[in-house]
Amino acid sequence: MLGVKLKMLRKESGLSQEELANRLHTTRTTISRYERNISVPTAADLISLSKIFNVTVDYFFHEQKESKAKYILKSTLTWFKKMMYLFIV
């Protein structure tokens, strides 16, 4: 699941595996292994990936395969609902 989301985010951002590897200070092979779920990113790499793609770390572990835009929309709506509830109460 993490690998699928990582690959989707990378492609949506127009990055090659090599370009993403350079941003993470790792190798293209490592990125490939992450995307194929052969290895798991370190906690530090997960934090860096979340910053690069502007998502939360937990995004990588959600069950649903959803686009970044859909994820951001859902997060925004959830926040808005909480704010409306606080305003009403």
Side-chain angles (χ1 to χ4, degrees):
M1 174 180 9
L2 184 143
V4 171
K5 289 195 172 193
L6 176 58
K7 185 173 185 177
M8 179 187 65
L9 288 170
R10 179 180 61 77
K11 288 188 172 209
E12 283 180 357
S13 298
L15 295 171
S16 67
Q17 288 181 339
E18 189 72 35
E19 291 167 326
L20 181 56
N22 289 336
R23 288 191 181 188
L24 282 180
H25 307 289
T26 190
T27 65
R28 185 206 58 80
T29 303
T30 299
I31 300 301
S32 175
R33 293 170 76 72
Y34 291 167
E35 289 182 356
R36 293 182 293 143
N37 293 310
I38 293 172
S39 60
V40 179
T42 63
D45 279 352
L46 279 172
I47 291 168
S48 295
L49 288 166
S50 71
K51 289 178 182 177
I52 290 168
F53 296 119
N54 197 29
V55 296
T56 59
V57 171
D58 70 325
Y59 171 81
F60 292 106
F61 301 101
H62 286 302
E63 290 295 324
Q64 300 173 0
K65 295 179 193 171
E66 56 190 25
S67 71
K68 181 179 169 185
K70 186 175 178 181
Y71 173 76
I72 291 171
L73 178 61
K74 278 177 54 178
S75 297
T76 303
L77 288 174
T78 301
W79 176 85
F80 182 74
K81 287 178 185 176
K82 287 179 183 176
M83 292 299 112
M84 291 301 295
Y85 176 78
L86 291 173
F87 180 73
I88 292 171
V89 174

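Since the structure is predicted, the reported quantities are computational estimates derived from the model, not experimental observations.
The shortest side-chain heavy-atom distance between Leu20 and Leu49 falls under the 4.5 Å cut-off. Two residues are said to be in side-chain contact when any heavy atoms from C-beta on lie closer than 4.5 Å; Pro41 and Leu2 meet this criterion. Here the side chains of Ile52 and Leu24 are in contact, with some heavy-atom distance below 4.5 Å.
Distance check: Lys7 NZ to Glu12 CD gives 13.0 Å after rounding to the nearest 0.5 Å. Atom OG in Ser32 sits 11.5 Å away from atom CD in Glu18 (nearest 0.5 Å). Note that the CZ atom of Phe53 and the CZ atom of Arg23 stand 7.5 Å from one another [nearest 0.5 Å]. The distance from atom OG of Ser16 to atom CD1 of Ile31, rounded to the nearest 0.5 Å, is 10.0 Å.
Note on Phe61: it clusters hydrophobically with Tyr34, by side-chain heavy-atom contacts below 4.5 Å among ILVMFWY residues. Residues Ile38 and Val4 fall into different hydrophobic clusters, defined by Ile, Leu, Val, Met, Phe, Trp and Tyr side chains chained together at heavy-atom separations under 4.5 Å. In the hydrophobic clustering of ILVMFWY residues, with side-chain heavy atoms under 4.5 Å counting as a link, Val57 and Met8 come out together. Leu46 and Val40 fall into different hydrophobic clusters, where Ile, Leu, Val, Met, Phe, Trp and Tyr side chains are chained together by heavy-atom contacts under 4.5 Å.
Legend: salt bridge (Lys or Arg N to Asp or Glu O under 4.0 Å) pairs involving residues 28-47, not counting sequence neighbours, sorted by first then second residue: Arg10-Glu35.
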